[in-house]
Amino acid sequence: MKPIRLPEPPGSPPSMGGVPDIFEGGVYGVIRRAVVIGNGFPASENQSIGLVRALGLSEKQTLYRVTRPTGGINEWLHWLPVSIHKKLYYIISQIYGYSQILIARRGKKLVPLPRENGAGIGLSSVLEADVKNIVRMAKETFEKDGPLLVVASGRDTISIASSIKRLASENVFVVQIQHPRSHLDRFDMVITPQHDYYPLTPHAQEQVPRFLRKWITPHEPPNDRVVLTVGALHQVDSASLRSAANAWHDEFAPLPKPLLVVNIGGPTRYCRYGTDLAKQLTASLHNVLTSCGSVRISFSRRTPEKVSNIILKELGTHPKIYIWDGEEPNPHMGHLAWADAFVITADSVSMLSEACSTGKPVYVVGSERCTWKFMEFHKKLRERGLVRPFTGLEDMSESWSYPPLNDTAEAASRVHKALAERGWRLRP
């Protein structure tokens, strides 16, 4: 098996012979710290943290999180912008509280209101994403610490990130990951997958009735502030894989080869499946077991119980197969480092992007069930030779490779370039 050259984490551009900052534009043009605006979803936050890591600022980042009220009626309000949702929830809670007082006077039991995200599960240690506080910090520390890099990902972070840009435009550089749908000029840079622009293609337009097309975003092709990727950003590069290989050596090194890692996600809006896919997957895995030394299977948080139950029933007792029980430590990075090949369900852009950054064989199950922009994503992966369909006819002892997907490092390079055009630069 020929060696694969993995993506290296990009560093900052070299300084001019070690010249002090003051002779290169002063501290005012050097970014030394980052703020990550998260939404509580690991897949989204991992993208922001991955970019910050690729820029060399992982040791100097602060995570803020946008939280929504949860429970009860709040589950029906998640389509609203966060700010409106919170205001509406406050009004409802006031009415609810008043009505509870009346009920209590009649001798009925009081029922507490649902608590906000993070209550009781450790999120209290993460700072709330408050625009005024972040803007004040950016302005008050600018002369001492220089500009602030702000990286956000996900729909709930859009209003926060854009407000920071509007109120402190001279002190911050704001990167929004995932397409904000409109008004891209609210950010310094937008990083988004190519398939987010699928609605603009003739094939997509044919699928949407004419009277609905104005509601489908984006409306315009990407401009010069947009960085297009194939998949999702993440934290996987050669350094993280080397570290994981060392950390998981004792567990994975003794396993018979080749090691096949199977990652199972869950159905999504544009990639629907159920027990039928689980049965297809187990049948295909049974067929390739003779060419595998070991198989490791992991489920995600989104995996339906009815799917995992079939996998456990059909494969759980096979001597070559180990199914992770979900208990810490999570072997995901160890899997990426030590696997000889992957089988991944088609629903997860994140899992596929990470696996394709290793240069190792990646087989996809269920891509024929994907629609809309997910269909376009899988088309791009196949065109670049990054993935193949999992049929159950494969010989896992035969390997193949490709230039590893390098979206995160390439996006980091574009950030460096955009900062240079503004007269700024990064120095970890």
Minimum heavy-atom distance [X]-[Y], with the two atoms named:
X	Y	answer
R382	S367	NH1-OG, 4.1 Å
C271	F374	CB-CD2, 4.1 Å
E45	N39	OE2-N, 3.2 Å
N171	W424	C-CH2, 4.1 Å

Side chain [X], main chain [Y], donor-acceptor under 3.5 Å:
X	Y	result
Q207	H203	yes
S284	Q280	yes
H219	K214	yes
T303	I264	yes
K360	A339	yes
N287	L393	no
S162	S159	yes
R213	V208	yes
W324	F299	no
S243	A239	no

In the structure I gave you, are the side-chain heavy atoms of [X] and [Y] within less than 4.5 Å of one another anywhere?
X	Y	answer
E314	L285	no
H286	L315	yes
Y270	E376	no

Give a yes or no on whether a salt bridge exists between D145 and R32, defined as a side-chain N under 4.0 angstrom from a carboxylate O. no
Exercise for the section: Apply side-chain hydrogen bond (donor to acceptor under 3.5 Å, both in side chains) to the pair S240 and R53, showing each step before the final yes or no. Expected result: CA-CA 10 Å; S240 63; R53 182 182 188 278; 4.6 Å; no
*Test the R388-W400 pair against the cation-pi criterion, namely NZ or CZ under 6.0 angstrom from the six-membered ring centroid and within 45° of the ring axis.*
yes
- With ring centroids as reference points, do H179 and Y197 lie under 6.0 angstrom apart? yes
Any chance [atom1] of [X] has more than 12 other-residue heavy atoms, nucleotides or ligands included, within less than 6.0 Å?
X	atom1	value
E220	CD	no
K257	NZ	yes
E368	CD	yes
E383	CD	yes

L55 side, atom CG; L419 side, atom CG - distance, nearest 0.5 Å:
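Taking CG in L55 and CG in L419, the distance rounds to 8.0 Å.
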Verify side-chain contact (heavy atoms from CB on, under 4.5 Å) between Q194 and F377, making sure each step is shown before the conclusion. CA-CA 8 Å; Q194 296 173 23; F377 168 62; over 6 Å; no
Review point. For V387 and I344, what are the C-alpha separation, side-chain angles and deciding distance, and is it a side-chain contact (heavy atoms from CB on, under 4.5 Å)?
Key: CA-CA 10 Å; V387 302; I344 300 175; over 6 Å; no
Next on the checklist: Less than 3.5 Å apart, any donor N or O on the side chain of Q235 or T408 sitting next to an acceptor on the other?
Outcome noted: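 Looking only at side-chain atoms, T408 and Q235 do not form any donor-acceptor pair under 3.5 Å.
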Check: Does a donor on one side chain sit under 3.5 Å from an acceptor on the other, for S44 and Q47?
Finding: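 Not at all, the side chains of S44 and Q47 share no donor-acceptor pair under 3.5 Å.
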Exercise. After noting the C-alpha distance and the side-chain angles of L336 and F342, does the key distance pass the side-chain contact (heavy atoms from CB on, under 4.5 Å) rule?
Worked result: CA-CA 9 Å; L336 289 171; F342 302 92; 3.9 Å; yes
